[in-house]
**Q** 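For reference, the structure I am asking about is given below.
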Protein chains: 2
Amino acid sequence: MAEDASTTALTLKDIAREAGVSLATVDRVLHNRPGVRPDTVRRVKEAIARNAFQPHVAAAELARGRARRFAFVMPSGPNPFMQQIEAYLGEMSGWLSARRLSVEIVATDVFDPSVLAASLESLSGDYDGVAVVALDHPSVRAAINDLVEAGTKVVTLVSDVPSSRRHHYVGIDNIAAGRTAGALVGRLIGQRSGKVAIVAGSQALRDHAERIFGFNQVMASEFPDLGVLPVLEGRDEDNRSEQLLARLFGRHADIVGLYNVGAGTQGVGKALTDKALTDKALTDKVSSDAGREKRVVFVGHDVTALTRRLLLQGVMDAAISQNPGHEARAAVRVLLALARGEPILREQEKIRIDIVMRDNLP
Amino acid sequence: MAEDASTTALTLKDIAREAGVSLATVDRVLHNRPGVRPDTVRRVKEAIARNAFQPHVAAAELARGRARRFAFVMPSGPNPFMQQIEAYLGEMSGWLSARRLSVEIVATDVFDPSVLAASLESLSGDYDGVAVVALDHPSVRAAINDLVEAGTKVVTLVSDVPSSRRHHYVGIDNIAAGRTAGALVGRLIGQRSGKVAIVAGSQALRDHAERIFGFNQVMASEFPDLGVLPVLEGRDEDNRSEQLLARLFGRHADIVGLYNVGAGTQGVGKALTDKALTDKALTDKVSSDAGREKRVVFVGHDVTALTRRLLLQGVMDAAISQNPGHEARAAVRVLLALARGEPILREQEKIRIDIVMRDNLP
DNA sequence: GCCGTTTTGAGGTACGCAACTCATTTTGAG
DNA sequence: CTCAAAATGAGTTGCGTACCTCAAAACGGC
């Protein structure tokens, strides 16, 4: 209400006048170009701060001329979650080209540290920004630091390398995700007692290890009566996960909960369905709702076509999800903001841990 | 990989050449200006489509000159959720001014249809876009349609007027939100049996009615053993909600679940805490975990300072939440995209129904 | 006070488009 | 065929910044 609509936004010229210098000097200060006395730098910066001056983004972008190039270094394998991220990047193409931005996908074996590091090194100089699904390994860390050193903006995606000098991490807190999974499994089991199984890809993967850690934390502190069985390593493969689980169900008749940490969901689902059928055949004549009583609470990760179906069928109870579309867009926006020297809207770019059940399927 | 990095992005000049017309004609077509033969329009549009031409956003914005003005019509009362939206708009000020956008808050009694309608009418002509927390009423609908008619872009925020000609709705599907609440209450109750209470502000409010509808849907179809008690109308006031609930607890000893549809959370929490104390005092000598057995599953809406505390204390089990920051930013982005004639990233602007429990508190 | 270096000023060009003017060509009705 | 109206071409200006050049001024060491 108190705004004066007649005032036109300030321009660099106004700042130059305010600071008592020429446009060229303001320009030098703004872009950290050499050849300005410290005292003059201070005066200019003060004038900018005093007036809360913001360069006109559109004008800056236009004057800049050349387009910005970003690279997304992604796993080469057929990971559905990563494919979703790529698909969402594709959906942005109109948005990107209207801003003269280019995003290129670089497929790499991100699980081999030396290959990944080499891939990263090879990008140096060609790109304004790089988003990478990173393995946490010394050589990868070094490659990231080299990129940063060369002036490239770097964000880690989905999986972080906290000890590197990357500018930003776009992804979730995996310990909290594991805790959330634990709380859900425990709460959904309710008053029943029994054992809880965990299937993971590998405990050597940082994100999986963190999720298991968080899960166990909650189980130990809040559901001490539920025994947690040793982690099965399914290597994110369907067949292997299914077989390991089937064997486990054979040994333990009192499993009431299951946490699938990574992929291999198809196999896990199959093992569960088989078990349900067996249990039903065995107890059908005794009690009508024995099937419900013996039902295993199943919590996993990510909303894919498969987990969506399992949720709708009632085989799966909840999926802990990080929104792949949000991650794709946040990574692009963060790289752009970094390249432009704009502040990052932390609240906007933060990836939340979504709990997805049948009724709030996106 | 197949991209040719050497190709420079197309400009209007290229399109003009392609279509065999002059720049002026392309400009006329692009801005729906009169004086172009239908056949020529077609040729130009084809050339644009054929080359997937995107006008350079920055150039367009710069050339445009005048800043865009948006108005946010918000409730004047002390609603914490609305205050959060306003706060997040405030956080965007840097982002906004760098784009030469202005956002003004217009406080109004949105619960009085005629006052709201008058407020909307008064904005006509002054703004490029309007976001409004709208009551669904014929006169409001008419006011919205008038704005749209006058060329103003209109989005409804949090609460929709689906029968109006508003360009977009930024908010959640309240029926689905109610369903989610129902599924949570039912699942978290587990094997226990008993009754479920509902506290709402008023069943005359569209969003509350929709939530209750969704909640009852799920309870009836999936948890038929849980009896749902008649809705208490607390008018979103703490005292009233507390008293109504306390009386209800007195009449029904077997309440195992509670759904708070709107505000008044403080009162609901107090009623629950009092009940827990009473129950504990009565049964302490009999059984040590009777308190847990009698515990009421409590699900409500929105993450505020209060619900956050209740979740951490374990009084509240889950909050169904719509992210106010996301809503604020989405409304601005949608208005901007509409004003620029850009496509809207539906996936990005869709507001999701968040399930917030203690371990994934944002 | 001299000279070389550093700092600063002044000015220009370009970016792609919006918005406008005015002249010219094309069109269709009579 | 004529003439007014409609359609189109050609051109200009300006938006606010980046980036560049060249000259002028201020500076510091001796």
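Computed from heavy atoms alone, side chains included, the values below leave out hydrogens, waters and symmetry copies. All chains are named by letter (A, B, ...) in the order of the sequence lines, taking the proteins before the strands, and each is independently numbered beginning at 1.
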**Q** Go through D/dT8, C/dC17, D/dT17 for me and flag the one nearest to the B/A63 side chain.
**A** C/dC17
**Q** Starting the side chain at C-beta, find the nucleotide from D/dA18, C/dA18, D/dT8 nearest to A/A60.
**A**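 Nucleotide nearest to A/A60's side chain: D/dA18.
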**Q** Without swapping roles, check the side chain of B/H167 against the backbone of B/V155 for a donor-acceptor pair under 3.5 Å.
**A**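 Checked: no pair found.
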**Q** Any non-hydrogen side-chain atom of A/L116 less than 4.5 Å from a side-chain atom of A/H137?
**A**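 No; the side chains remain at least 4.5 Å from each other.
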**Q** Compare side-chain N and O positions of A/T11 against OP1 and OP2 of D/dC15 and report whether any pair is under 4.0 Å apart.
**A**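 For A/T11, the contact criterion (side-chain N or O under 4.0 Å from OP1 or OP2 of D/dC15) is not met.
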**Q** Quick check: does any side chain N or O of A/R99 sit under 3.5 Å from a backbone N or O of A/L96, one acting as donor and the other as acceptor?
**A** no
**Q** Send over the distance from B/R64 CZ to C/dC20 P, rounded to a whole Å.
**A** 12 Å
**Q** Base, sugar-phosphate or nothing for A/L62? Non-hydrogen atoms, less than 4.0 Å.
**A**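 Here A/L62 touches the bases of the nucleic acid.
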**Q** Return the nucleotide paired to C/dG30: Watson-Crick means purine N1 to pyrimidine N3 with N6-O4 or O6-N4, wobble means G-U with N1-O2 and O6-N3, both under 3.5 Å.
**A**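 Result: D/dC1.
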**Q** Is there a donor-acceptor pair under 3.5 Å between the side chain of A/R340 and the backbone N or O of A/A337?
**A**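 No: the side chain of A/R340 does not pair with the backbone of A/A337.
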**Q** Whole angstrom is fine here: how far is it from CG in A/L12 over to P in D/dA18?
**A**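 To the nearest whole Å, that distance equals 6 Å.
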**Q** How close or far is atom P of C/dA18 from atom CZ of B/R340, stated in whole angstroms?
**A**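 Value for this atom pair: 12 Å.
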**Q** Nearest of D/dT8, D/dG16, C/dT8 to any side-chain atom of A/R37?
**A** C/dT8
**Q** Counting only side-chain heavy atoms from C-beta out, which of C/dA18, C/dA19, D/dA18 sits nearest to B/R66?
**A**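 Of all the options, the side chain of B/R66 is nearest to C/dA19.
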**Q** What nucleotide, of C/dA18, D/dC19, D/dT8, holds the atom closest to the side chain of B/V36?
**A** D/dT8
**Q** Closest approach to the side chain of A/A59, judged atom by atom: which nucleotide of D/dT17, C/dG9, D/dT8 is it?
**A** D/dT17
**Q** Students often get this wrong, so: under 4.0 angstrom with heavy atoms, is B/G65 touching a base, only sugar-phosphate, or nothing?
**A** nothing
**Q** Of all the nucleotides listed (D/dG9, C/dT8, C/dC17), which has the minimum atom distance to the side chain of B/R28?
**A** D/dG9
**Q** Between D/dT17, C/dG16, C/dA19, which nucleotide gets closest to the side-chain atoms of B/H56?
**A** C/dG16
**Q** Measure from NE2 on B/H31 to P on C/dC17 and round the result to the nearest Å.
**A** 10 Å
**Q** Mapping B/R100 and B/T40 to their closest nucleotides on DNA chain D, which lands nearer the 5' end?
**A** B/T40
**Q** In this structure, how many angstroms lie between the C1' atom of C/dC17 and the CD atom of A/E61, rounded?
**A** 15 Å
**Q** Rounded to whole angstrom units, what separation is found between the CG atom of B/D27 and the C1' atom of D/dG14?
**A**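 Those two atoms, CG and C1', are 14 Å apart.
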**Q** Look at A/T25 and C/dG9 and indicate whether a side-chain polar atom (N or O) is within less than 4.0 Å of OP1 or OP2.
**A**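 Yes, within the criterion.
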**Q** Considering only C/dA19, C/dA10, D/dA18, which nucleotide approaches the side chain of B/R33 most closely?
**A**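 So the nucleotide nearest the side chain must be C/dA19.
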**Q** Write down the distance between CG (B/L23) and C1' (C/dT21), rounded to a whole number of angstrom.
**A**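 After rounding, the gap between these two atoms is 15 Å.
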**Q** Whole angstroms only, please: what is the NZ-C1' distance between B/K13 and C/dA14?
**A** 11 Å
